[in-house]
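Basis for what follows: all heavy atoms, side chains included, without hydrogens, waters or symmetry-related copies.
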Amino acid sequence: MLPVKIEAISIFPEFFDVLGLSLLGKAQEQDLIQFQAHDLRAWTEDKHKTVDDSPYGGGAGMVMKPEPWGRAFDEILSAKEASTVIFTTPAGIPFSQALAQELSQKQHLIFACGRYEGIDQRVVDYAATKADVLEVSIGDYVLNGGEVAAVAMIEAISRLIPGVIGNSESLTEESHNAGLLEYPSYTKPSSWRSLDVPEVLLSGHHAEIDKWRKEQSLARTKKNRPDLID
């Protein structure tokens with residue numbers, strides 16, 4: 001099986017060093033995933049390595065220029081392989097477990113990380129002529145840049161790639177896989193600081209344990225994410 005190729009384009013490529021740790025680091029060592037972070041400034045052509053300019057029509061902030069992005073995509077995207085470009089933006093579609101599952105089946109993902117007031121829209125339009133394009137948000141809030149969002153998405157996607165998680169059964173019981181939040185978890189000791197593990201989990205009665213977990217999953221979802229019930 002060919003490794004899944006994941007790339008990121010950013011003016012702060014060092015943000016992605018964290019992906020070399022833990023399970024994702026091991027996945028790269030095992031050649032399940034190939035990851036590379038690119039510095040957008042490598043595709044600038046002026047001595048100041050300029051990547052932004054003032055917006056047409058006025059307004060606060062700066063907008064990322066199209067020229068470096070165009071050169072980056074010309075170099076990274078190939079007609080010989082199917083690629084998906086993901087623009088991290090608060091104006092995008094919501095990221096979800098279902099989308100993570102869909103993207104984990106792709107062979108080549110490129111995360112385009114904007115800064116300032118975002119990337120010139122023509123960059124998105126141009127990328128769409130060369131690859132599948134998604135504009136994706138991880139939540140209804142604004143970050144300083146798209147790198148943190150990209151790291152979160154890459155981790156959520158990568159752990160669904162076969163072989164990355166040692167015990168694949170653990171993936172089936174996680175929050176959002178069945179449309180509900182995951183039930184509470186406990187470990188030893190059975191009593192800690194006058195707080196006890198629910199007796200049903202100590203009973204060894206698997207049917208009752210399964211029933212309890214489903215009830216707890218539903219109760220937690222109703223409390224924390226009633227929108228999922230609706």
Side-chain angles (χ1 to χ4, degrees), residues 4-21 24-25 28 33-95 99-100 103 106-158:
V4 176
K5 188 176 178 183
I6 302 176
E7 302 183 73
I9 308 172
S10 165
I11 60 171
F12 297 114
E14 59 271 20
F15 252 102
F16 296 91
D17 290 350
V18 67
L19 296 178
L21 303 176
L24 297 194
Q28 292 176 67
I33 298 170
Q34 290 181 350
F35 177 77
Q36 184 175 5
H38 302 278
D39 188 347
L40 179 66
R41 296 189 191 277
W43 286 285
T44 58
E45 293 185 335
D46 67 302
K47 66 178 182 179
H48 299 296
K49 298 186 179 298
T50 306
V51 296
D52 62 310
D53 208 334
S54 56
Y56 277 124
M62 304 290 276
V63 176
M64 299 194 87
K65 293 165 61 66
E67 298 96 332
W69 285 103
R71 297 185 196 105
F73 287 136
D74 287 343
E75 184 172 328
I76 294 174
L77 292 174
S78 169
K80 296 181 180 180
E81 61 180 347
S83 303
T84 301
V85 179
I86 300 161
F87 288 88
T88 55
T89 167
I93 63 173
F95 186 67
L99 183 54
L103 293 174
K106 305 292 185 181
Q107 202 59 42
H108 185 203
L109 300 175
I110 301 170
F111 288 83
C113 303
R115 281 263 154 182
Y116 317 120
E117 294 302 310
I119 304 172
D120 188 304
Q121 180 62 35
R122 291 170 295 179
V123 174
V124 180
D125 299 339
Y126 177 71
T129 68
K130 301 173 72 69
D132 292 333
V133 165
L134 291 173
E135 295 178 276
V136 184
S137 167
I138 62 167
D140 295 334
Y141 45 85
V142 178
L143 300 169
N144 288 331
E147 291 81 9
V148 171
V151 168
M153 285 190 270
I154 290 170
E155 178 154 324
I157 293 164
S158 296

Discussion item. Could you report the tightest heavy-atom contact between C113 and I119, atom names first, then the distance?
Written reply: C-CD1, 4.5 Å
Fill in: Considering all heavy atoms, the nearest G61-P55 contact
O-CD, 3.3 Å
Worksheet item: With a 4.5 Å limit on heavy-atom distance, are the side chains of F95 and I157 in contact?
Response: yes
Worksheet item: Is a side-chain donor-acceptor pair under 3.5 Å present for D74 with Y126?
Response: yes
Practice prompt. Output all residues satisfying ring-ring contact (aromatic ring centres under 6.0 Å, His included) with F16, sequence neighbours left out; order by chain, then residue number.
Written response: F35
Worksheet item: Backbone N or O of A91 within a donor-acceptor pair of the T89 side chain at under 3.5 Å?
Response: yes
Item to complete: Check whether any side-chain heavy atom of L103 sits under 4.5 Å from a side-chain heavy atom of I86, and report yes or no.
Response: yes
Worksheet item: How close do P13 and A37 get, heavy atom to heavy atom, and via which atoms?
Response: O-CB, 3.8 Å
Worksheet, complete the sentence: Taking every heavy atom of T84 against every heavy atom of L134, the minimum-distance pair comes out as CG2-CD1, 4.4 Å
Fill in: Within-4.5 Å side-chain heavy-atom neighbours: V18 and V151
yes
Discussion item. Would the distance check show the side chain of E75 and the main-chain N or O of R71 forming a donor-acceptor pair, the cut-off being under 3.5 Å?
Written reply: no
Discussion item. Assess the residue pair E135 and I93 against the criterion (side-chain contact (heavy atoms from CB on, under 4.5 Å)); give the C-alpha distance rounded to whole Å, side-chain angles, the decisive distance to 0.1 Å, and a yes or no.
Written reply: CA-CA 6 Å; E135 295 178 276; I93 63 173; over 6 Å; no
Item to complete: Begin with the C-alpha distance, continue with both residues' side-chain angles, and end with the deciding distance and a verdict on side-chain contact (heavy atoms from CB on, under 4.5 Å) for K65 and T50.
Response: CA-CA 8 Å; K65 293 165 61 66; T50 306; 4.1 Å; yes
Worksheet item: Less than 4.5 Å apart, any side-chain heavy atom of V136 and any of L99?
Response: yes
Worksheet item: Excluding sequence neighbours, so at least two apart, what forms salt bridge (Lys or Arg N to Asp or Glu O under 4.0 Å) with K5?
Response: E7, E81
Item to complete: Carefully, step by step, assess Y116 and D53 under the rule side chain to side chain donor-acceptor pair (under 3.5 Å).
Response: CA-CA 10 Å; Y116 317 120; D53 208 334; over 6 Å; no
Item to complete: Quick one: closest heavy-atom pair of A72 and I9, and the distance?
Response: CB-CD1, 4.1 Å
Discussion item. Between R41 (side chain only) and K49 (backbone N and O only), is there a donor and an acceptor less than 3.5 Å apart?
Written reply: yes
Discussion item. If you count every heavy atom of other residues, nucleotides or ligands that lies below 6.0 Å from Y141 atom OH, does the total exceed 12?
Written reply: yes
Discussion item. Counting only heavy atoms from other residues, nucleotides and ligands, does the tally under 6.0 Å from CG of D17 exceed 12?
Written reply: yes
Discussion item. Quick one, D120 with V123, criterion side-chain contact (heavy atoms from CB on, under 4.5 Å). Give me CA distance, side-chain angles, the key distance, then yes/no.
Written reply: CA-CA 6 Å; D120 188 304; V123 174; 4.3 Å; yes
Item to complete: With sequence neighbours excluded, give me every side chain to side chain donor-acceptor pair (under 3.5 Å) pair touching residues 143-156.
Response: S10-E147, R115-E147
